[in-house]
Amino acid sequence: MPEDHGGIGRRALVVTGAAAALTLGGVTFASGAGAADGDQETRTVRGTLPAGSPDFVYVPLDIPSGVRELKVAYTYDRPSVPAGTVGNALDIGIFDERGTELGGRGFRGWSGGARTEFFIRADEATPGYIPGPVRPGTWHIALGPYTVAPQGLTYEITITLTYGEQGEAPDVIYPPERAKGRGRDWYRGDCHLHSWYSDGRRTPAEIAALARAAGLDFINTSEHNTHASHAHWADVAGDDLLVLLGEEVTTRNGHVVAIGTEPGTFIDWRYRARDNRYGRFARQIRRAGGLVVPAHPHATCIGCNWKFGFGEADAVEVWNGPWTPDDEMSLADWDSMLVSSVRNGHDWIPAMGNSDAHRDPDVVGRPQTVVLADDLTREAIRDGIRAGRSYVAESRNVVLSFTASGGRGEHAGIGERLDVDQDTPVTVRLEVSGAPRCTVRFVTDQGVLHTSAPLPVTGSGVVEWRTTPSYAAYVRAELRHEAALGPLPGALAAFTNPVFLLARECARGRVSSIV
């Protein structure tokens, strides 16, 4: 018989270690004793979530012994709403008998709103879910009411157990942590991609083929709130393509891309900025050898705008997919952070760009981050990104060389520091290829101080500018396409992380400005 979860008054409010969540009444099955191989048992539950529901609602399932497969399917209503009012969107995932405690020890999968059903067996699971034994105990379906219409959200969940002997767990093979590199060189990568293991529509093999076609040397897996894809990339990695493993931690107050974590690392997402839990999981990413990179901080989708601050960031994703006004805002914010680092004398946060490609026509490798690394290894790429030895280009066609030189042969490149006397003339030089008719802008802590004429149609050219450390504490370069509308800046073709110019006072022999 169907079970009705009824209204809000029939639920228990519990605290799971982060934000408050609702736990509904449990769903029970027969003992499983005497069930023949292949026998099935089904339960259906229904309920309504009101507007203003907590971020997560848990449906307990008491799983008996002898279960070979767990399958869950769900539907919910989508009523008409007035213009400007959010409608219904309900995400789903599951935790096993180890519980729902924050940290994800019992995590077995998440598909968000990308699927209407999933299954778990010892030998296989729906993409986004973790294969493994269906052990007896209390499991929890996790519902995430992403948005709820004023009328409420009415749902129906159907749970089917199939009895029988557990299958054999598959061998887990992860991609190698190094590829055949070129020694110390510039390597191109896209660290924000989605396959069918979350809400993408491409297989790992399809993504790898597109990455190679885009001239990429490395990619990073970044499925929403699941590490289920980690065991499915070994076959597509190779000497010519390094596959880093990670996750897009998709909270209700912004998304963060974990780049290059150890295989099998899961990072929980069930918290908001007000819960004061983000720092704990940022540190977990680093302990797992990864980078913490806030994604698309000014994106306009619900829950995408970054609310956690940048104190834990190793880099920030300034350019996400096709260049849009929210990227322009992210670039301006990042530049303000550079100014603050100069003023306060603290470390600066490098910028990067990624495609966030999900499906056609999303272009893998547009944009791409080009990193100076000692070799094509997980560790070397991570170190290059963290050090800011990188620039962002819209495609493989754009190639940059950016340096600052003093009068006595001193020089520094992207992400480096030039330490000369405060009034020493410094020559900033940008060599470009693959950017036809683009305009070069040199940006400093004072703003844009030099703008070139458009490059020729060949796309190649050299732009130089002279300054001093007392006039410019740092210099970075932007390449912009010709503006389509009057004085508005054109879309970016590329930008670099800054070269810092350190002002040294000769009389006292000390550095007066350090970042």
Side-chain angles (χ1 to χ4, degrees), residues 83-86 89 146-147 190-194 199 222 224 248 250-257 273 293-310 313 315-340 349-369 390-395 398 400 435-449 451-452 454 476-498:
T85 301
V86 297
Y146 186 61
T147 56
D190 187 348
C191 291
H192 189 166
L193 294 160
H194 296 278
D199 62 343
S222 54
H224 295 284
E248 183 174 8
T250 308
T251 81
R252 296 299 182 88
N253 283 162
H255 303 181
V256 61
V257 177
V293 182
H296 44 64
H298 284 283
T300 56
C301 48
I302 294 174
C304 295
N305 194 267
W306 185 251
K307 302 291 188 183
F308 294 97
F310 296 93
V316 58
E317 187 184 73
V318 166
W319 186 350
N320 175 277
W323 187 259
T324 53
D326 62 280
D327 297 302
E328 197 75 59
M329 293 177 64
S330 296
L331 181 64
D333 264 7
W334 173 65
D335 198 66
S336 295
M337 287 190 279
L338 293 178
V339 174
S340 176
I349 302 173
M352 61 187 309
N354 301 298
S355 72
D356 199 1
H358 285 70
R359 59 187 69 82
D360 291 338
D362 298 350
V363 179
V364 172
R366 177 163 295 185
Q368 52 193 248
T369 300
S390 60
Y391 65 88
V392 180
E394 68 176 356
S395 75
V398 182
L400 305 181
R437 299 296 299 169
C438 283
T439 297
V440 173
R441 307 201 311 182
F442 291 141
V443 186
T444 78
D445 52 315
Q446 296 191 62
V448 179
L449 292 185
T451 302
S452 75
R476 61 178 184 83
E478 293 179 4
L479 279 81
R480 290 184 176 265
H481 293 289
E482 293 178 287
L485 298 172
L488 295 178
L492 278 184
F495 74 89
T496 70
N497 274 302

My understanding is that only residues two or more places apart in sequence, or in another chain, count here; which of them pass side chain to side chain donor-acceptor pair (under 3.5 Å) with T251? none
Mind checking side-chain contact (heavy atoms from CB on, under 4.5 Å) for P322 and listing every partner two or more places apart, or none if nothing turns up? none
Please check: side-chain N/O of N320 versus main-chain N/O of H296, any donor-acceptor pairing under 3.5 Å? no
Check for a donor-acceptor pair, side chain of D362 on one end and backbone N or O of A357 on the other, with a separation under 3.5 Å. no
Residue set satisfying ring-ring contact (aromatic ring centres under 6.0 Å, His included) with Y146, at least two apart, ordered chain then number -> none
Mind checking side chain to side chain donor-acceptor pair (under 3.5 Å) for R359 and listing every partner two or more places apart, or none if nothing turns up? none
Hey, could you give me the OG1/CE distance between T369 and M352, rounded to the nearest 0.5 Å? 4.0 Å
Listed partners of S390 passing side chain to side chain donor-acceptor pair (under 3.5 Å), at least two apart: N497
Closest non-hydrogen atom pair, L479 against A435: CD2-CB, 3.7 Å
Do the rings of W319 and W323 sit parallel, tilted or perpendicular, given the 30° and 60° boundaries? perpendicular
Got a sec, which residues hit side-chain contact (heavy atoms from CB on, under 4.5 Å) with V363, two or more places apart in sequence or on another chain? R366
Testing the basics here: between A494 and L400, what is the closest heavy-atom pair and its distance to 0.1 Å? CB-CD1, 3.9 Å
I need the minimum non-hydrogen distance between P297 and V316, along with the two atoms involved. CG-CG2, 4.2 Å
Between D356 and D190, what is the shortest heavy-atom contact and its length? N-OD1, 4.5 Å
First locate atom OG of S340, then atom CG of D335, and finally report the distance between them rounded to the nearest 0.5 Å. 11.5 Å
Quick one, F308 and P294 - any side-chain contact, counting heavy atoms below 4.5 Å? no
Show the nearest heavy-atom pair for residues V257 and S222, with the distance to one decimal. CG1-CB, 4.2 Å
Contacts of T250 that satisfy side chain to side chain donor-acceptor pair (under 3.5 Å) - sequence neighbours left out: H224
side-chain contact (heavy atoms from CB on, under 4.5 Å) against T85, all qualifying residues, sequence neighbours excluded: V81, P82, P150
Sequence neighbours left out, what pairs pass salt bridge (charged side-chain N to carboxylate O under 4.0 Å, His left out) with at least one residue falling in residues 315-331? E328-R480
Roughly how far, to the nearest 0.5 Å, is the CG atom of N305 from the NE2 atom of H255? 10.0 Å
Heavy-atom closest pair (S452 atom, T439 atom, distance to 0.1 Å) is O-CG2, 3.2 Å
Separation between NE2 of H298 and CG of L331, rounded to the nearest 0.5 Å: 10.5 Å
Take V392 and F495, measure what side chain to side chain contact (heavy atoms under 4.5 Å, CB included) needs, and give me the verdict at the end. CA-CA 5 Å; V392 180; F495 74 89; 3.7 Å; yes
Please collect all salt bridge (charged side-chain N to carboxylate O under 4.0 Å, His left out) contacts where either partner lies in residues 438-449, sequence neighbours excluded, each pair once. R441-E478
My understanding is that only residues two or more places apart in sequence, or in another chain, count here; which of them pass side-chain contact (heavy atoms from CB on, under 4.5 Å) with P498? W334, L338, W348, Y474, R476, F500
